[in-house]
**Student:** 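Have a look at this one.
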Amino acid sequence: MRAQSSATTVPAIAVPAARDGRGLGTLQAALGVIAFSLTFPATAWGLEGFGPWSLVAVRSVLAALIAGGCLLAVGAPPGERSRAWWRVSPPARHHWPGLAVVGAGVVLGFPMLTTLALQTSTTAHAAVVVGLLPLTTALLSALRVGSRPSRTFWVAALAGAAAVVAFTVQQSGGALSTADLYLFAALLVCAAGYTEGGRLARVMPGWQVIGWALLLCLPLTVPTAVIALTVEPVTLTAHSVTGLLWVAAGSQFLGLIVWYRGMAAIGIPKASQLQLAQPLLTLVWSVLLLNEQLPVAAPLTAAAVLVCIAVTQRVRG
């Protein structure tokens with residue numbers, strides 16, 4: 001009788017705990033989306049004082065310094081943090097290829113390609129990349145991780161992506177620019193980095209995933225930063241410095257920490273669909289920070305996207 005009683009009480013405790021975990025994971029992924037939505041406006045600010053290569057390289061180096069400090073501090077026993085550098089355990093050897101994909105995708109590829117695109121493209125047009133990114137990430141997740149979302153999930157995801165793409169293309173006039181090649185390439189490499197990072201975040205903390213990926217890229221980012229700063233002109237203004245600091249600390253590190261934690265908690269496909277709201281948030285920031293005009297169609301598109309997000313978060317599978 002005692003065994004039967006204890007067995008019947010387990011589901012009542014485990015189910016709410018699982019729901020709380022999914023709720024926290026959704027919140028973390030949403031915070032990541034908010035952080036990412038500021039990336040394009042912050043990049044536009046950064047380009048006011050830095051060249052594209054300088055901005056990307058310096059942001060990666062700064063983010064790596066923050067990540068390295070966190071790895072040293074957390075990896076050290078209490079009271080021994082001044083002698084902690086040799087106590088930090090690196091990831092297992094079989095994790096390094098995945099970290100290389102994360103580094104190539106979200107540390108180097110996406111920032112560089114979108115920064116080059118923003119030299120000749122508006123933030124609204126560049127948001128096309130973000131509009132397609134959730135669907136691309138879900139597709140790569142199905143191929144790489146083996147996730148199999150339901151048919152309802154795919155219908156809602158396609159509808160949300162179509163709404164966002166139609167909106168952003170319409171706002172950019174429907175014309176293709178030379179920046180589109182950069183944007184489409186950025187879409188692919190970022191989706192690969194998100195998928196691999198979400199997979200790794202299941203077996204190691206999300207902040208360590210992006211932290212080690214940033215450190216892995218240092219042999220490339222440090223020389224690039226030194227060379228770019230000597231070649232490209234630099235003008236330190238409030239906008240350029242603020243933009244650089246945000247893309248380094250917010251977009252490149254803190255945002256990715258909560259993003260990967262959220263992906264690990266609720267799954268890569270569901271987390272990726274939260275990014276359907278990112279282009280619309282970017283437009284709001286563009287109005288507030290770059291003095292761009294908010295399109296009339298934005299509220300209607302936002303409502304449609306929120307419905308699609310709600311469906312993808314509620315369906316199982």
**Student:** What's the separation between atom OG1 in T26 and atom CD1 in I266, rounded to the nearest 0.5 Å?
**Tutor:** 4.0 Å

**Student:** Against F40, only a single residue in T282, L283, L290 fulfils side-chain contact (heavy atoms from CB on, under 4.5 Å); can you say which?
**Tutor:** T282

**Student:** Any side-chain heavy atom of T114 within less than 4.5 Å of one from Y182?
**Tutor:** no

**Student:** Going by the angle between their ring planes, with limits at 30° and 60°, are Y194 and Y260 parallel, tilted or perpendicular?
**Tutor:** perpendicular

**Student:** Could you pull out every donor-acceptor pair under 3.5 Å between side chains of residues 56-67 and any protein atom, sequence neighbours left out?
**Tutor:**
residue: R59; atom: NE; partner: Q252; partner atom: OE1; Å: 2.9
residue: R59; atom: NH2; partner: Q252; partner atom: OE1; Å: 3.4
residue: S60; atom: OG; partner: V56; partner atom: O; Å: 3.0
residue: S60; atom: OG; partner: V107; partner atom: O; Å: 3.4

**Student:** Using every non-hydrogen atom in the two residues, find where P134 and Q275 come nearest and quote the distance to one decimal.
**Tutor:** CG-CB, 3.5 Å

**Student:** Quick one: does L289's side chain get under 4.5 Å of L38's, heavy atoms only?
**Tutor:** yes

**Student:** Is it the case that atom CZ in R199 sees more than 12 heavy atoms from other parts of the structure closer than 6.0 Å?
**Tutor:** yes

**Student:** So do the side chains of P91 and L99 get within less than 4.5 Å of each other, counting heavy atoms only?
**Tutor:** yes

**Student:** At their closest point, which heavy atom of L256 faces which heavy atom of S251, and how far apart are they?
**Tutor:** CG-O, 3.7 Å

**Student:** Please report the interatomic distance CD1(I34) to CD(Q278), rounded to the nearest 0.5 Å.
**Tutor:** 10.5 Å

**Student:** Would a single hydrophobic cluster contain both L288 and W246, if residues Ile, Leu, Val, Met, Phe, Trp and Tyr are joined by side-chain heavy-atom contacts under 4.5 Å?
**Tutor:** yes

**Student:** Check the pair M204 / W212 against side chain to side chain contact (heavy atoms under 4.5 Å, CB included), numbers first and verdict last.
**Tutor:** CA-CA 11 Å; M204 58 191 297; W212 286 110; 4.1 Å; yes

**Student:** Can you find a heavy atom in the side chain of T152 that is under 4.5 Å from one in the side chain of V311?
**Tutor:** yes

**Student:** Quick check: closest heavy atoms across T115 and P111, and the distance to 0.1 Å?
**Tutor:** OG1-O, 2.6 Å

**Student:** Can you tell if the side chain of C70 reaches within under 4.5 Å of the side chain of W207, non-hydrogen atoms only?
**Tutor:** yes

**Student:** Looking at G98 and L200, what are the two nearest heavy atoms and their distance?
**Tutor:** C-CD1, 3.7 Å

**Student:** Report yes if the side chains of W45 and V241 come closer than 4.5 Å at any heavy-atom pair, otherwise no.
**Tutor:** no

**Student:** Count I, L, V, M, F, W, Y as connected when their side-chain heavy atoms are under 4.5 Å apart, and connections chain through other members. Are L188 and F110 then in the same cluster?
**Tutor:** no

**Student:** Same cluster or not: V106 versus F184, using hydrophobic residues (I, L, V, M, F, W, Y) connected whenever any side-chain heavy atoms lie under 4.5 Å apart?
**Tutor:** yes

**Student:** Is it true that L71 and V102 fall in one hydrophobic cluster, defined by side-chain heavy atoms closer than 4.5 Å?
**Tutor:** yes

**Student:** Working to the nearest 0.5 angstrom, can you tell me the gap between L113 CG and L183 CG?
**Tutor:** 8.5 Å

**Student:** Any side-chain heavy atom of S272 sitting closer than 4.5 Å to one from L133?
**Tutor:** no

**Student:** From T137 OG1 over to L187 CG, what is the distance, rounded to the nearest 0.5 angstrom?
**Tutor:** 7.5 Å

**Student:** Measuring only between side-chain heavy atoms, which start at C-beta, is W154 closer than 4.5 Å to L139?
**Tutor:** yes

**Student:** Pairs of donor and acceptor atoms involving the side chains of residues 47-54, under 3.5 Å and at least two apart or interchain, shall be tabulated with distances.
**Tutor:**
residue: E48; atom: OE1; partner: H239; partner atom: ND1; Å: 3.2
residue: S54; atom: OG; partner: A228; partner atom: O; Å: 3.2
residue: S54; atom: OG; partner: E232; partner atom: OE1; Å: 2.7

**Student:** Could you give me the CA-CA distance, side-chain angles and deciding distance for T224 and T221, then say whether side-chain hydrogen bond (donor to acceptor under 3.5 Å, both in side chains) is met?
**Tutor:** CA-CA 5 Å; T224 301; T221 55; over 6 Å; no

**Student:** Under the side chain to side chain contact (heavy atoms under 4.5 Å, CB included) rule, what do F36 and L281 come out as? Steps first, then yes or no, please.
**Tutor:** CA-CA 9 Å; F36 299 153; L281 290 173; over 6 Å; no

**Student:** Looking at every heavy atom in both A30 and L274, which two are closest together, and how far apart are they?
**Tutor:** N-CD1, 4.0 Å

**Student:** Could you state the interatomic distance from CD1 (I268) to OG1 (T195), rounded to the nearest 0.5 Å?
**Tutor:** 5.5 Å

**Student:** Can you measure from CZ (R261) to CG (L27) and round to the nearest 0.5 angstrom?
**Tutor:** 11.0 Å

**Student:** Ignoring hydrogens, what is the shortest heavy-atom contact between G160 and C308? Give both atom names and the distance.
**Tutor:** N-SG, 3.5 Å

**Student:** Is there a chain of hydrophobic side chains (I, L, V, M, F, W, Y, each step under 4.5 Å between heavy atoms) that links L254 to L214?
**Tutor:** yes

